[in-house]
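Note sheet for the following structure.
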Amino acid sequence: MMTANQPLKVAVLVSGNGSNLQAIVDRIEAGEINARISCVVSNNPNAYALARAAKHGISTVILEKRLYGKRSEYDTALVEILKNHDIELVVLAGFMQILTDVMVDAFPYAIMNIHPALLPAFPGLNAQKQALDYGVRFSGCTVHFVDHGTDTGPIILQAVVPVMQDDTVDVLSKRIQKEEHRVFPEAIRLFAEGKISIKNRQVLIEY
Ligand code: GRF
């Protein structure tokens, strides 16, 4: 008898609303991704994402930055939590804190981030505003592996949306988020199915 592969053990790191977390949970619960979210970690005790996790019976950890001196000390504690859960993939879903080498080296090519622009354009904070201010006709979102830079890691998937002349940051963000909720779970599905490999900095996907 064939036995199915064990579900991929995933941790999702959040700071806020958690709409991406929700999209991922929904696809897992629908049986479309062979993964299990072992824990949700938030650096913000008030993040709505925590309530979303609890509603789905996912264990949550609050790890506040203010309790740690240096960011590397925070990351050491974070790595310990994630290793205790045997995490195989770390998903940054609106986690508003830059990771140090401690985290990046502990999970090589096993940390994914979603960025609300078409990288390498508009990295860093306020990507949607950067895109509007620049006057681009198209923007979108990028799922990428996290490396030692800020939003510089190998690109897994991207989705494009048009930018309208009368867009506000809010309107553009909502249009981009609709795509985030589609491509982020998709990237996790591909990872869980072992369909992603990396050659130099190019991500190869087996379709
Ligand atoms: C998303 O727009 C994502 O691109 C950015 O942070 C936001 C998180 O939103 N990295 P949510 O908490 O998943 O709703």
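Keep in mind it's a predicted model, so treat the numbers as computed, not measured.
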[X] vs [Y] side-chain heavy atoms within contact, under 4.5 Å:
{"X": "M112", "Y": "H144", "answer": "no"}
{"X": "Q128", "Y": "F122", "answer": "no"}
{"X": "E186", "Y": "R27", "answer": "yes"}
{"X": "V91", "Y": "L13", "answer": "no"}
{"X": "Q177", "Y": "C141", "answer": "no"}
{"X": "S42", "Y": "F95", "answer": "no"}
{"X": "L92", "Y": "V14", "answer": "no"}
{"X": "K199", "Y": "S197", "answer": "no"}

Hey, does the side chain of [X] reach the backbone of [Y] with a donor-acceptor pair shorter than 3.5 angstrom?
{"X": "K174", "Y": "V169", "answer": "no"}
{"X": "T142", "Y": "L119", "answer": "yes"}
{"X": "E88", "Y": "K9", "answer": "yes"}
{"X": "R52", "Y": "N17", "answer": "yes"}
{"X": "S59", "Y": "S38", "answer": "yes"}
{"X": "E73", "Y": "G69", "answer": "yes"}
{"X": "T168", "Y": "V171", "answer": "yes"}
{"X": "N44", "Y": "S15", "answer": "yes"}

Does a salt bridge link [X] with [Y], judged by any charged N lying under 4.0 Å from a carboxylate O?
{"X": "R71", "Y": "D75", "answer": "no"}
{"X": "D167", "Y": "R175", "answer": "yes"}
{"X": "R182", "Y": "E179", "answer": "yes"}

Stepwise side-chain contact (heavy atoms from CB on, under 4.5 Å) test for V25 and I37: CA-CA 8 Å; V25 168; I37 301 180; 3.7 Å; yes

So if you build clusters from Ile, Leu, Val, Met, Phe, Trp, Tyr with side-chain heavy-atom gaps below 4.5 Å, do [X] and [Y] land together?
{"X": "V203", "Y": "V104", "value": "no"}
{"X": "V143", "Y": "I155", "value": "no"}
{"X": "V41", "Y": "I114", "value": "no"}
{"X": "I98", "Y": "V102", "value": "no"}
{"X": "I111", "Y": "I24", "value": "no"}

Starting at [atom1] of [X], measure out to [atom2] of [Y] and round the result to the nearest 0.5 Å.
{"X": "S72", "Y": "L78", "atom1": "OG", "atom2": "CG", "value": "12.0 Å"}
{"X": "F191", "Y": "L89", "atom1": "CZ", "atom2": "CG", "value": "4.5 Å"}
{"X": "I28", "Y": "I188", "atom1": "CD1", "atom2": "CD1", "value": "6.5 Å"}

Derivation and outcome, side-chain hydrogen bond (donor to acceptor under 3.5 Å, both in side chains), residues N34 and R189: CA-CA 7 Å; N34 186 24; R189 182 185 72 79; over 6 Å; no

More than 12 heavy atoms from other groups under 6.0 Å of NZ on K178: no

Check [X] against [Y] and note the closest heavy-atom contact, atom names and distance.
{"X": "E180", "Y": "P116", "value": "OE2-CB, 3.6 Å"}
{"X": "Q97", "Y": "N43", "value": "OE1-ND2, 3.0 Å"}
{"X": "P162", "Y": "L172", "value": "O-CD1, 4.2 Å"}
{"X": "E206", "Y": "G194", "value": "OE1-O, 4.5 Å"}
{"X": "L82", "Y": "A11", "value": "CD2-CB, 3.5 Å"}
{"X": "G140", "Y": "I176", "value": "O-CG2, 3.4 Å"}

Modelled atom types, side-chain donor and acceptor of D26 and H181, under 3.5 Å: no

Pair L63-Y74, side-chain contact (heavy atoms from CB on, under 4.5 Å): steps then yes or no: CA-CA 8 Å; L63 200 61; Y74 181 98; 3.5 Å; yes

side-chain contact (heavy atoms from CB on, under 4.5 Å) evaluation trace for L8 with R36: CA-CA 6 Å; L8 181 78; R36 178 189 131 85; over 6 Å; no

Residues L204, I196; criterion side-chain contact (heavy atoms from CB on, under 4.5 Å); working and verdict: CA-CA 6 Å; L204 306 176; I196 292 180; over 6 Å; no

F107 and its side-chain contact (heavy atoms from CB on, under 4.5 Å) partner, picked from V90, V146, L99: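 Exactly one option meets the side-chain contact (heavy atoms from CB on, under 4.5 Å) with F107, and it is V90.
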
